[in-house]
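Below is one structure, written out as structure tokens, with a few remarks after it.
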Number of protein chains: 2
Amino acid sequence: MDKLNGLKRTSYCGTLRMSNVGEKVVLMGWVQRSRNLGALIFTDVRDRSGLCQVVFDENTSEEIYKKAETLGSEYVIAVEGTVRERSSKNKEIPTGDIEVFATNLLILNTSQTPPIYIKDDDDASESLRLKYRYLDLRKAKMQGNLFLRHKVTQLIRNFLTEKGFIEIETPILNKPTPEGARDYLVPSRVNNGKFYALPQSPQLFKQLLMVSGFDRYFQVARCFRDEDLRADRQPEFTQIDCEMSFVEPEDVMSVTEEMVQKIFKEVLDVDVKLPLQRMTYKEAMERFGSDKPDIRFGFEIKDLSDIVKNCGFSVFENAANAEKSSVRAINVNGFEDKFSRKAITKLEDVAKTYGAKGLAYIKFTKDGINSPIAKFMSEEKMGEILTRMEAKEGDLILFVADKNKVVFDALGHLRIEVAKQLDMLKSDDYKLLFVTEFPQFEYDEEEQRYVAMHHPFTMPMDEDLQLLDTDRENVRAKAYDIVLNGIELGGGSIRIHDSKVQEKMFECLGFSTESAWDKFGFLLEAFKYGTPPHGGIALGLDRFIMLLAKEESIRDVIAFPKNQNAICPLTSAPAMADEKALEELGIKLR
Amino acid sequence: MDKLNGLKRTSYCGTLRMSNVGEKVVLMGWVQRSRNLGALIFTDVRDRSGLCQVVFDENTSEEIYKKAETLGSEYVIAVEGTVRERSSKNKEIPTGDIEVFATNLLILNTSQTPPIYIKDDDDASESLRLKYRYLDLRKAKMQGNLFLRHKVTQLIRNFLTEKGFIEIETPILNKPTPEGARDYLVPSRVNNGKFYALPQSPQLFKQLLMVSGFDRYFQVARCFRDEDLRADRQPEFTQIDCEMSFVEPEDVMSVTEEMVQKIFKEVLDVDVKLPLQRMTYKEAMERFGSDKPDIRFGFEIKDLSDIVKNCGFSVFENAANAEKSSVRAINVNGFEDKFSRKAITKLEDVAKTYGAKGLAYIKFTKDGINSPIAKFMSEEKMGEILTRMEAKEGDLILFVADKNKVVFDALGHLRIEVAKQLDMLKSDDYKLLFVTEFPQFEYDEEEQRYVAMHHPFTMPMDEDLQLLDTDRENVRAKAYDIVLNGIELGGGSIRIHDSKVQEKMFECLGFSTESAWDKFGFLLEAFKYGTPPHGGIALGLDRFIMLLAKEESIRDVIAFPKNQNAICPLTSAPAMADEKALEELGIKLR
């Protein structure tokens, strides 16, 4: 193998243009392919900037030509030569007008035939891609994704710094927390029998930094959750974590939307109009059946319970009269003819996966009303329904009658499903909004107690504080999510800054005073020494980048992800540990 | 407690000046102190920018005045008022020319008397400071340190980005590594019996990113070492981690020194002249007795072995004639009168802690030579020594005769010690250099084998590759450290990019082929598919910031450090884990 011996690259391959013709250049990169035509060798050289064609011909010295004949795919080479215009131009690549005539060639490393192709359209299985991740990352698309990630992260850091935020690193080795997801634990060698926990978020530290008076904090923070993995989950993930003092929800939302606007402009050249829409959780549920509504399209939910209370159709009547139940519908307006009886049966299957017992419908065809429920109802009632649904010829109305939770869930997902089938979910249409006033609590059926919907440090709305003892279900929190095309980009809240309210909150969540102090005593103690009102937000970076890169999986925007078994197929982590190490840690395998 | 109710801060306290007189302002912050003079209340309000005096007087409404009378230290308040010129100015603080006459006051939170004073000269014990870290961090000095850290980190990120580096996040959950320091282990729940390890550095991943063609990588990377702690060690620390492809040592050093120059200029307004001095390891040891020489002052080491080989003084003769031993000295020139016999005895104690058996000396006083060893030597030999040492009246020469290792260690530390006693170690004198050509191996007496001085992925110097089998001790590596005032800021190397050389290196380090492949197979495999020549560097961020902030301990530049028992006194991490959690992880306590 040749050595550099002081040779320096002058240009990245993908940057050469007609304006460089005549220049002497030094390229360094990988052989994408090399074609030996006998008297001519064409070698495509690749680096992170793209490809450039290098030519060896009868004017090349014999020694160099012979060397060039040995080139194989993915060999690492350095080429000295002169940029010249191509006789036969290639419009497919940015450097297609030129080529480099080689006067010298160094082979810096050879390569065996790689197990996956270095092409964006390579169809290797994901397990092979992850095992040979260093080859997979040579693909232009994967390189682009990581460059995009770097660009966005830099944008965020510079934006927040300009806004007076200070990035502060908080510890990775933390105290185990009893609320939320499962912690990753790290046995302590110095303190045998005790464990650190990897942070699920820097929540408590960022609140303590507000107690310290830093006023505006952020961190691009690595977080960890030992949960079972799905396509958009990883054991470790990165969040843009922010906290501000002396603020109300509007202040946090305002700086967040400005940041998001900047990212869309600089990365995608998309103009986002501010302020973003604010929609209460209640409205989001009632209109879209979701706390992360996709507002790229309509088909909004309407409540028909008052109309159908005594309509004659018992399924509707029962739901309309039962507690916490209702009859609601969406109007897939204008697309009646796109949904056959069979297609509607499939939609019914979708509704059923969300707990609905069935899916009633009305097709408003050019021949009039076509609906299995028509026969149960008076024309007058039908008329009232059609009026409420603003139905006209060509519309399809879908009804669910059930407990509210099921109604919202089923109709919310049906909205998305029909939009998907109608190809209305354009990935370059970006609709952002804030959902506000989330419920403070949700009832955990398994644990038979109220748990915090956001987290236990979230401040209830002032006017709902009085409901903490009497009506927990209706306590709203000063919490907000930012939502993009039906996906939660991030969420935050104003925090409790009064130790009495915080103690009350722990009580509501079923903690004894003793247990609250045992777990969170340092926070309750801190609150006694002048804690300012404060709040913040956290955005999931991986998912945000995935959406900006129009990828389907966050694994495609993470350099070295784990697979769905939490294994790194490249390094085969996790692995066995030395017995001696376990002994020092004071643990053994069961 | 009062609520903000939409009130917004208009200014940070510390920013108000005479030019703001007449402005209506809203300040939000903490009561530094409040003095009630009966008809007047002076309240110093503090936020992250500094202090501002607020006044309540006979023109304040009775309700507000009464409220102001209740203010105590560290209460959190919002003040509306008007900026006016002070009658009695305070030259001690930047806002000392003005005060704010309060027209409204909100008490946003109260405070108990804090257990430590919020003053830079507070003398609370470190354990109390760490327990109440959120109060300790309110001090101007601690706030300054973390703002400095943020500023430097931003500078580094923007500098490297401009230089074409891309920041890529590498995993925290890794495969345990058998070389180097002790790993922190994380038991896997999904793969019971197996463990992740927290990274000691992103070394292998950054090399794989070079295999992937990213060309220039960096990361502000959290790293972990489960070692016993000293003043400048923490279980987790942050390093500026860089790697570049198609480079030789000069390329890495050049971009590093440019970055360091920029930091010194922008943070301290100190001009660092480039290129920094490069000094081989051999020269550093021979002149300064250290691989991290402090070159702010002279007192360089000189070898006298040839002169004293048969000088008549047996201690010198023995060392001069023995293998790997020598007699060397430093000339503390001009300071003979600063070191009494007693002071020299103390210096001898220092030399002894580094293994020296004694400390010979010559004082060149105005009355001539004063030395316990003079009587053993001819005048001629003494003359040769004085000539070699360039001795003149007023000089003090200190000798150590021993194995080279002891000689360098003892004289190297004596240099520093006398300079310290002479108050020559100015903290605002910054002397940077690169030490190069480190030994590839060092012999580990405990393990009875050669271990890598840098790490097993370091490339030997080309001309020394042939010595791998025959003379390991003299193999030099393409490794370099950057040193500031006797402290290692960082180090790096050109890496091996040839799988055969890498396998050979593992063999030299005592790995069987099987074990090398078991531990590092993914790297050896990667090297088969076109790995470019590459190298990099890593700088310890914590220590760098500590030096820039002129602090003595890295704990003063880390928001939430651990104490020397690896405990966080604030949160009391580590802590007991739930039995159920351990069960899921497949481990139990011994």
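Values reported hereafter were calculated over all heavy atoms of this structure, with side chains retained and with hydrogens, waters and symmetry mates removed. Labels below follow one simple rule: chain letters A, B, ... track the order of the sequence lines, proteins then strands, and each chain is numbered from 1.
The minimum heavy-atom distance linking A:H497 with B:L108 is given by the pair NE2-O, 3.5 Å. Considering all non-hydrogen atoms of both residues, A:Y196 and B:K562 come closest at CE2-CE, 3.8 Å. Between A:L582 and B:R590, the closest heavy-atom pair is O-NE, 3.7 Å. Pairing each heavy atom of A:V76 with each of B:F246, the nearest pair is CG1-CE2, 3.5 Å. Of all the heavy atoms in A:F527 and B:N109, the pair that sits closest is O-ND2, 4.4 Å. Closest approach of B:R222 to A:T170, counting heavy atoms only: NH1-O, 2.8 Å.
When heavy atoms are compared at a cutoff of 4.5 Å, A:E525 approaches chain B by way of both its backbone and its side chain. Residue B:T110 touches chain A through its backbone alone, counting heavy-atom pairs closer than 4.5 Å. A:T571 touches chain B through backbone and side chain together, each having a heavy atom under 4.5 Å away. If you measure heavy-atom distances from A:V247 to chain B, the contacts under 4.5 Å come from the backbone alone. Contacts between B:Q207 and chain A at a heavy-atom distance below 4.5 Å are absent for every atom of the residue. In this structure, chain B has a heavy atom under 4.5 Å from the backbone of A:E227, while its side chain stays farther away. For a residue to count as touching a neighbouring chain, one of its non-hydrogen atoms must lie under 4.5 Å from one of that chain's; by this rule B:R157 touches chain A with backbone and side chain alike. Using a 4.5 Å cut-off between heavy atoms, A:F147 touches chain B through backbone and side chain atoms alike. With a 4.5 Å cut-off on non-hydrogen atoms, A:D136 does not touch chain B at all. Of the two parts of B:L541, only the side chain, counted from C-beta on, holds a non-hydrogen atom closer than 4.5 Å to a non-hydrogen atom of chain A. Proximity to chain B (any heavy atom under 4.5 Å) is restricted, for A:R182, to the side chain, taken from C-beta onward. Only the side chain of B:V190 comes within contact range of chain A, with heavy atoms under 4.5 Å apart. For B:E583, the parts lying near chain A are the backbone and the side chain together; criterion is any non-hydrogen pair under 4.5 Å. Only the side chain of B:M1 comes within less than 4.5 Å of a heavy atom of chain A; its backbone N, CA, C and O stay farther away. When heavy atoms are compared at a cutoff of 4.5 Å, B:K3 approaches chain A solely by way of its side chain, counted from C-beta outward. Neither the backbone nor the side chain of A:I107 comes within less than 4.5 Å of any heavy atom of chain B. For A:P533, the part sitting under 4.5 Å from any heavy atom of chain B is the side chain, from C-beta outward, and nothing else.
Most heavy-atom pairs under 4.5 Å with chain B, from the set A:Y132, A:Y75, A:F214: that is A:F214. Looking only at heavy-atom pairs under 4.5 Å with chain A, the residue among B:N174, B:L208, B:D215 that has the most is B:D215. Comparing B:R9, B:E74, B:M576, B:E169 by how many heavy-atom pairs each has under 4.5 Å with chain A, the most go to B:E169. Of all the listed residues (B:P115, B:A78, B:G72, B:S73), the one sharing the greatest number of non-hydrogen pairs under 4.5 Å with chain A is B:P115. Comparing B:C568, B:P561, B:G29, B:P532 by heavy-atom pairs within less than 4.5 Å of chain A, the highest count is held by B:P532. Of all the listed residues (A:A559, A:A566, A:A526, A:A577), the one sharing the greatest number of non-hydrogen pairs under 4.5 Å with chain B is A:A526. For the options B:L198, B:D47, B:L7, B:D462, heavy-atom pairs under 4.5 Å to chain A are most numerous at B:D462. If you tally non-hydrogen atom pairs under 4.5 Å between each of B:I587, B:L137, B:L589 and chain A, the highest count goes to B:I587. Of the listed residues A:G530, A:G164, A:P187, A:A573, the one with more heavy-atom pairs under 4.5 angstrom with chain B than any other is A:G530. Interface check for chain B: of the options A:K131, A:E250, A:R216, A:M210, the most heavy-atom pairs under 4.5 Å are formed by A:R216. Note on A:S111, A:P235, A:A581: by heavy-atom pairs under 4.5 Å with chain B, the leading option is A:S111.
Ring orientation note: the planes of A:F560 and B:F205 are tilted relative to one another, at an angle of 30° to 60°. Aromatic ring pairs are classed by plane angle as parallel below 30°, tilted from 30° to 60° and perpendicular above 60°; the pair B:F218 and A:H150 is perpendicular.
A:D251 places a side-chain heavy atom less than 4.5 Å from the side chain of B:K8. For the pair B:D226 and A:L585, the minimum side-chain heavy-atom distance is below 4.5 Å. Side-chain contact check for B:L185 versus A:V186: every heavy-atom pair is 4.5 Å or farther apart. Within the 4.5 Å cutoff, side-chain heavy atoms of A:Q112 are placed close to those of B:Y529. The closest side-chain heavy-atom distance from A:F195 to B:D578 is not below 4.5 Å. With a 4.5 Å cut-off on side-chain heavy atoms, B:I168 and A:R149 do not count as touching. Proximity of B:I166 to A:K151: side-chain heavy atoms (C-beta onward) are nowhere separated by under 4.5 Å.
No side-chain N or O of B:N191 forms a donor-acceptor pair with one of A:N565 less than 3.5 Å apart. With hydrogens and angles left out, the side-chain atoms of B:E167 and A:T153 include no donor and acceptor closer than 3.5 Å.
Between the side chain of B:Q143 and the backbone N or O of A:S212 there is at least one donor-acceptor pair closer than 3.5 Å. Judged by distance alone, with hydrogens and angles left aside, the side-chain atoms of B:W30 form no donor-acceptor pair with the main-chain N or O of A:G213 at under 3.5 Å. Judged purely by atom type and a 3.5 angstrom limit, B:E236 uses its side chain to pair as donor or acceptor with the backbone of A:L173.
If you take CD1 on B:I567 and NZ on A:K175, they are separated by 12.0 Å, rounding to the nearest 0.5 Å. Rounded to the nearest 0.5 angstrom, A:L209 CG and B:R133 CZ are separated by 10.5 Å.
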Using the salt bridge (charged side-chain N to carboxylate O under 4.0 Å, His left out) rule, take A:R189 and B:D228 through it: C-alpha gap first, then chi angles, then the decisive distance, then the call. CA-CA 10 Å; A:R189 179 180 58 85; B:D228 298 320; 3.2 Å; yes
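Residue A:K139 places its NZ atom among more than 12 non-hydrogen atoms of other residues, nucleotides or ligands, all under 6.0 Å distant.
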